[in-house]
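Start at 1 and go down the list; that is how both ligands and their atoms are numbered.
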Amino acid sequence: MINLILFGPPGSGKGTQAKKLVDKYNLLHISTGDLFRYEMGNDTPLGKEAKSYIEKGALVPDSVTVGMLKNKVDANPDVAGYIFDGFPRTIAQAEALNALLEEKEQTISRLLALKVEDEEIIKRILERGKTSGRSDDNDRSIIQNRIDVYNQETSPVFDFYAQFNKSISIEGMGDIDTIFDRLDKEVSSI
Ligand code: ADP
């Protein structure tokens, strides 16, 4: 199995690239952001709880996020591997993911981190906000908060997997296909 973490700040292109990797490697794409938006769209108790954090650009508490992720993984055991997108976003989530995969005698193959400058991120998210219908994509201060949370809480997850020589930094500026080729070079060598 190939189990990837697609990593990088909000708006770095994780979702776009995940779709292309799914097409090529037939992996299951698990985006915690998409899962939360699905729950919010259906106005479930989990969705209602998540909404209060997401609309401020804060992280949803680990216990809620890990439980939701675990359900999704457990519901899809017979896959060629997983692409985790937007997860783990804290060290505690990384530890929970390790434990979950260990139970299944699996492991993370690589963490692929897309590097994109802050200015470009803000530009991309505001552009996406015109059509995404996401309230967290329309407001500069919420976007800045998401970037700050990424720098403070999420970026240490890169170092966590670097301890095991699994973290790879990828240039995330450029056109979509060029960035995909950079990612694909790493995945095809696993
Ligand atoms: P982006 O990467 O563009 O910020 P996502 O769709 O991945 O967007 O996430 C949107 C929001 O959902 C985040 O700002 C956060 O509030 C919440 N969220 C997503 N994944 C997680 C996670 N692993 N832990 C906590 N909160 C999360």
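- The residues lining ligand 1, counting any heavy atom closer than 4.0 Å, are P10, G11, K14, T32, G33, F36, R37, I54, A58, L59, V60, T65, G86, F87, R89, Q93, R128, R134, D136, R146.
- Without hydrogens or angle criteria, R110 side chain to I168 main chain gives no donor-acceptor distance under 3.5 Å.
- Other members of the hydrophobic cluster containing I147, listed by chain and number, are V116, I121, I122, I125, L126, I143, M173; membership follows side-chain contacts under 4.5 Å among ILVMFWY residues, whether direct or relayed.
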TODO: I would like to know whether I170 and L114 meet side-chain contact (heavy atoms from CB on, under 4.5 Å); could you show each step before the answer?
DONE: CA-CA 5 Å; I170 308 261; L114 293 169; 4.1 Å; yes
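- Here the closest non-hydrogen pair linking D34 and R37 is OD1-NH2, 2.9 Å.
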Open item on the list: Please evaluate residues L59 and T65 with respect to the criterion side-chain contact (heavy atoms from CB on, under 4.5 Å), reporting the C-alpha separation (whole Å), side-chain torsions for both, the decisive distance (0.1 Å), and the verdict.
Closed with: CA-CA 9 Å; L59 293 183; T65 307; over 6 Å; no
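- Using a 4.5 Å heavy-atom threshold, the side chains of Q93 and L69 count as separate.
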